[in-house]
Structures are given as C-alpha cells and as structure tokens.
Number of protein chains: 2
Amino acid sequence: MMTTATPKTLSADAGAASPTSRQSRTHLANDAWEGLLTAHTTLMRQFAAEGSWNEVSMREYDVLYTLTKCTTPAGQPNPQRIGELGRNVLLSQPALSRLVDRLEARGLVERLPDPADARSVRIGLTASGREAQRIAGSSHGVSVTRTMTAALSPEELRTLIALTRKLQEATS
Amino acid sequence: MMTTATPKTLSADAGAASPTSRQSRTHLANDAWEGLLTAHTTLMRQFAAEGSWNEVSMREYDVLYTLTKCTTPAGQPNPQRIGELGRNVLLSQPALSRLVDRLEARGLVERLPDPADARSVRIGLTASGREAQRIAGSSHGVSVTRTMTAALSPEELRTLIALTRKLQEATS
DNA sequence: TCAAAGTATATGCGTATGCATATATCAACC
DNA sequence: GGTTGATATATGCATACGCATATACTTTGA
C-alpha cells in the first residue's frame, strides 16, 4: 500500500514457516509498514461494519473513549485539552475543534475553562457522553475481542502490543 | 483509543520485561487493537510530516502505489478495477471514484474499458503517474525505512509482518 | 513593564468525503 | 429470450475536512 517502487516479490516468498525469509532491511521495513497499514484498513472496515455507530461515529467514539480513558492517578475524570486529544486522533486541529463543537451541541461533552491557562479549553465528558461511550464501546469491544482473538493467540497479542509500543516510543 | 470502557490500568503495569503481564484475553485483545491504532496514527503523522506530498497527496499516492504494485505474474502492468483498489484504501466507493477522477484529470491514471465486463472500469497508470509514484515513493520509502528500522530490529520487523498478515487473513 | 515571539483554539473558504441513489451491465432462472 | 436480482461504477447533496489565518493569551527577554 505504501512503499517505494519495484516490489514484485512483495509477499510472494512467504511459503514457509519464516515469512519473507531473506530480504534487505529496507524491504523488510517497508513491508512491515505496509502490513500495518493493510491490517489497519481491514480491521477498521470490519469494526465499522459490526458495532452500532448510529448514535456516535467511530471518530467521535475515538474522542469520547480518549476522554473516558484519561483519568487522574486518583481516578478522577480529567478534562483534556484539545491539543492533547489531537495526539490520539488522526485529525487536524481545526477538524478536531469542530468535532468537539458537534459533540458539545449534542450534549456529549462540554468545554470547560482551564484555570491554569486561559488560552486553553478543557473538554469534559458529560453524563450523556459517558453513557454514549459506554453503549458504543460495549458493542465495539465485543467486536474487537472476537476479531483479534480469532486471529492471534494471547502470546501473539502480547507481542503485537510490545511491537506497537516500541513504534510509538521511537516515533513520538 | 478504541476499546470498551473502564481501562484504568491501560498500560500502567508495563514496567517489567513482559509488558501487560497478566490480563484477561479481552483486555489483551483490546490493548492490541489500541496499540495498532495508536502506532498507525503516530506513524502516519510522521510520514506526512516528512516526505514531499506536494505533487501527490498521501491518499493519492496510496492508489498510485497499489497500481504500481499490481502486476501480472509475468510482470506486465495490470490495470485494476476501482473495487479492487478500494480494498486497499480506507475510502468509500464514491470517494475513490472521484479520487480517480482527479488523478485522471491530472493525467496520472486513465480509465480503460474492461474487455471482460462492460460494467467495470480498469484504472491504468500513465507514464506520468508511474513517474509521480516513483518520485513520491523514493522520498517516502526512505522515511519509512528510517523510522521502522530505528524502532524495530530485523527480527521484530519480520514478526510484525507475520502478525499483521495473520490479522488480514483472519479478517478478510 | 512592555514588546516580540510562541502557543492554544477558532473561523473563512474551497475541496473531499459519505450516504443514498441512479445508471449500466451481468448472471441466473423460468 | 426475457425478467429478476446482483454487481460495478457514477452522481446529487449535505457535511466534514484541511489549509491558511485570525484571535486570545502566555512567555521570554530587554
């Protein structure tokens, strides 16, 4: 999906136990990225098809989930800055600002002033927002669990977690 | 980024060598998906920032690359159906149809009749399209190689390829 | 303390996207 | 062979997006 040119033997030599047995490091790196990208596309489609995204779209859910996830060490809800939310969502800052507009208009989040910085705005979940996240999430979570466990063993899941964490850490 | 609710210990217990040491299979599956999603977001941003996407946007490149990649076993260029292209790109069919419109207007691809099926349209790369892919791809390929090899060893890259392949196969 | 540079969010505007649906063709069945 | 349902792509329309920029505030440094 995304690599330099002339692949030809892209995944043609994967017959044996060791997939893509002997390749240049460049080809290996690009194949890995392409694999990640393709898996992402395939899984996104799968999860979009299953799950009920009538109340809340997948991208909106992504924001609501991030807000649910982010709690203080003590477990208190912790309204996030728009910029912070943007780190998790593949959207431009203006697009995210307007996504928050729409969520706010529907009463799912609220813009709160930041006591420490008057430029900033804290986005907080409302009760409805928390509820919407919970409903969409339960359906989605089942879907994710089913698909991921069908494809990978627990050990492989752990390996995938470790590898994606390394990628994040090396990039950010 | 995307999981069911009440995560709390999302990646908090990853202190030791074995990350996310003991978790329910459900939590494991959702963490793996979240990891994949976050890595995707982070890397996409990275590759968008590097690389020169002036002539061709990343999504356009994705289509051009797919066309470059798809060749007959003999190595002949193999114009793809729009539906086939859509499998690789996270776009709706109408959006892809119009993306092809724009690429065609710029002379990067051409719509060819399908001899076997008059409903279908084959999308073929033009010389300019191949050239545009090559130029964008060389810059992008360097970026991908640098980032991926900085984060993961060759063995880890191979593992990631294997895992993402399993995910695709189990899903599609 | 004030000016200049930096940061966080919002808005104007043109374009791309998704949903629903239209159009054209194929495939199957009678 | 003609009708019915499925498949491949295209178009109308409302909406969401990205880029450039504006606005508001903070930080730095003289």
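Residue numbers begin at 1 in each chain, while the letters A, B, ... track the order of the sequences. Note: hydrogens, waters and symmetry copies are ignored here, and every other heavy atom, side chains too, is used.
- Residues satisfying the side-chain hydrogen bond (donor to acceptor under 3.5 Å, both in side chains) test with B/T145, not counting sequence neighbours, are A/N30.
- Note: CG (A/N54) to P (C/dC19) measures 11 Å, nearest angstrom.
- Evaluation of the salt bridge (Lys or Arg N to Asp or Glu O under 4.0 Å) rule for B/E110 yields no partner, not counting sequence neighbours.
- When the salt bridge (Lys or Arg N to Asp or Glu O under 4.0 Å) test is applied to A/R25, no partner is found at least two apart in sequence or on another chain.
- Here the P atom of nucleotide C/dT15 and the CD atom of B/E60 are 14 Å apart, to the nearest Å.
- End-to-end axis angle for the helix from C/dT1-D/dA30 to C/dC30-D/dG1, using five pairs per end and rounding to 10°, comes out at 20°.
- Pairs engaging residues 91-100 of chain A under the side chain to side chain donor-acceptor pair (under 3.5 Å) rule: none recorded [sequence neighbours left out].
- Of the residues in residues 100-118 of chain A, those placing a heavy atom less than 4.0 Å from an atom of DNA chain D are A/R102, A/D117, A/A118, in numerical order.
- In this structure, the side chain of B/T147 does not engage the main chain of B/V144 through any donor-acceptor pair within 3.5 Å.
- Residues that satisfy the salt bridge (Lys or Arg N to Asp or Glu O under 4.0 Å) test with B/R119, not counting sequence neighbours, are B/D117.
- Remark: B/P113 engages no residue in a side chain to side chain contact (heavy atoms under 4.5 Å, CB included) (not counting sequence neighbours).
- The CG atom of B/L99 sits 14 Å away from the C1' atom of C/dG18 (whole-angstrom rounding).
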All N/O contacts under 3.5 Å from nucleotides 4-7 of chain D to the protein, with atom names and distances to one decimal?
{"unit_1": "D/dT7", "atom_1": "O2", "unit_2": "B/R119", "atom_2": "NH1", "d": "2.9"}

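- With hydrogens and angles disregarded, no donor-acceptor distance shorter than 3.5 Å links the side chain of B/T66 to the backbone of B/L85.
- Considering only heavy atoms from C-beta on, B/L36 stays 4.5 Å or farther from A/I161 through its side chain.
- Every residue two or more places apart in sequence or in another chain that forms a salt bridge (Lys or Arg N to Asp or Glu O under 4.0 Å) with A/E50 is listed here: A/R146.
- Atom P of nucleotide C/dT7 and atom CD of A/E84 are separated by 15 Å, given to the nearest angstrom.
- In this structure, B/W33 and A/H40 have parallel ring planes: the angle between them is below the 30° cut-off, well short of the 60° mark.
- Checked against side-chain hydrogen bond (donor to acceptor under 3.5 Å, both in side chains), A/R111 has the following partners two or more places apart in sequence or in another chain: A/D101, A/E104.
- Rounded to an integer number of Å, the gap from B/I82 CD1 to C/dT25 C1' is 16 Å.
- More than 12 heavy-atom neighbours from other residues, nucleotides or ligands sit within 6.0 angstrom of CD on A/E131.
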Detail all sub-3.5 Å separations between protein N/O atoms and N/O atoms belonging to nucleotides 18-22 of chain D.
{"unit_1": "D/dG18", "atom_1": "OP2", "unit_2": "A/S92", "atom_2": "N", "d": "3.0"}
{"unit_1": "D/dG18", "atom_1": "OP2", "unit_2": "A/S92", "atom_2": "OG", "d": "2.6"}
{"unit_1": "D/dG18", "atom_1": "O6", "unit_2": "A/R98", "atom_2": "NH1", "d": "3.2"}

